[in-house]
2 protein chains.
Amino acid sequence: MPSPLGDKIRARRIQLEMSLEDLAIATGSSKGYLWELENRDKANPSADKLIKIAAALGVTTEFILDESPEVEPEASVLDEAFFRRYKKLDSKRKDKVQKFLDMWEDED
Amino acid sequence: MPSPLGDKIRARRIQLEMSLEDLAIATGSSKGYLWELENRDKANPSADKLIKIAAALGVTTEFILDESPEVEPEASVLDEAFFRRYKKLDSKRKDKVQKFLDMWEDED
DNA sequence: TTTTTTTGTTCGTTATATAGTACCATCAAT
DNA sequence: ATTGATGGTACTATATAACGAACAAAAAAA
């Protein structure tokens, strides 16, 4: 009896071709616990774990917490997650990223 | 030493003119615990509590969890402009950009 | 003022989130 | 076939989220 929260974590993890151990390392958790989150019906992680898992999976915490069982994060959700990371970059790195966009937009 | 999470909860609660007990009732928690969330420096509520508190306060969980300091408006405008361009990229190029973020975030 | 009610604070206890270890299964390489 | 990785499952121990009840401040009523 997996929870929608667990289904989303597993689906996204597999989509990124990560093992439980990969995710455990990326999020500073034990893989045993991550397995429980994905497969046990009472999944109730702490804010701290939630934030780290969402970051490692490149999705928003909102997406993971949402009760509706859509396992495929719609593109907009992924974009928002990216944007939150982007905003934290220093300006030099932001410029680097923008250079890529300039280049790509010139291609077509 | 209140956490940003605690500050947001308290600010919003007072804005709605709710007492700790009001919020405790609305969210099915003890007011003692809610006080800890607002005033203790290590605030780490569970997903369950998070969802209920956000609902009672009429905000998103994302808002409560977001720890990033508010950015100055001038920069945010530029970021939004970038984001509009980013969203138009195909997924392969989006992945490429994200790889850079992965790398940079690992550096520090 | 004095009393009563409301709101906030503290703390010992309990429930449970999470780590840690060890156990199975699969598969690749020897 | 056997060994050694690798990924998943299960179980026990421990740290801590969360409660409940009592105490303190403040506010409001009297």
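Residue numbering restarts at 1 for every chain, and letters A, B, ... go by the order of the sequence lines.
Legend: residues meeting side-chain hydrogen bond (donor to acceptor under 3.5 Å, both in side chains) with Thr60(B), ordered by chain and number and at least two apart, are absent. Every salt bridge (charged side-chain N to carboxylate O under 4.0 Å, His left out) that Arg13(B) has, sequence neighbours left out, goes to Glu38(B). Checked against side-chain hydrogen bond (donor to acceptor under 3.5 Å, both in side chains), Ser30(A) has no partners two or more places apart in sequence or in another chain. Residues forming a side-chain contact (heavy atoms from CB on, under 4.5 Å) with Thr27(A) (at least two apart in sequence, or on another chain): Leu23(A), Ser29(A), Leu34(A), Lys52(A), Ile53(A). Ile51(B) meets the side-chain contact (heavy atoms from CB on, under 4.5 Å) test with Leu65(A), Glu67(A), Thr61(B); sequence neighbours excluded.
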- prompt: What is the per-nucleotide protein-contact pattern of nucleotides 11-28 of chain D, from the 5' end, where B denotes a base atom under 4.0 Å from a protein heavy atom, S denotes such proximity for sugar-phosphate atoms only, and - denotes neither?
  reply: B-----SBBB--------

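Rounded to whole Å, atom C1' of dT6(D) lies 12 Å from atom CD1 of Ile25(A). Rounded to whole angstrom, the span from the CZ atom of Arg10(A) across to the P atom of dT9(D) amounts to 8 Å. Rounded to whole Å, atom C1' of dG20(C) lies 16 Å from atom CH2 of Trp35(A). If you take CE of Met18(B) and P of dG8(C), they are 11 Å apart, rounded to a whole angstrom. The CG atom of Leu20(A) sits 5 Å away from the P atom of dG8(D) (whole-angstrom rounding). Nucleotide dG8(C) holds its P atom 9 Å from the CG atom of Asp22(B), rounded to whole Å. Going from atom CG of Leu50(A) over to atom P of dA17(C) covers 13 Å, rounded to whole Å.
Within the 4.0 Å cut-off from OP1 or OP2 of dG8(D), at least one side-chain nitrogen or oxygen of Arg13(A) is found. Residue Asn39(A) places at least one side-chain N or O under 4.0 Å from the OP1 or OP2 atom of dT9(D).
Figure legend: cation-pi geometry between Lys96(A) and Phe100(B) absent, as NZ or CZ is not positioned both under 6.0 Å from the six-membered ring centre and within 45° of its axis.
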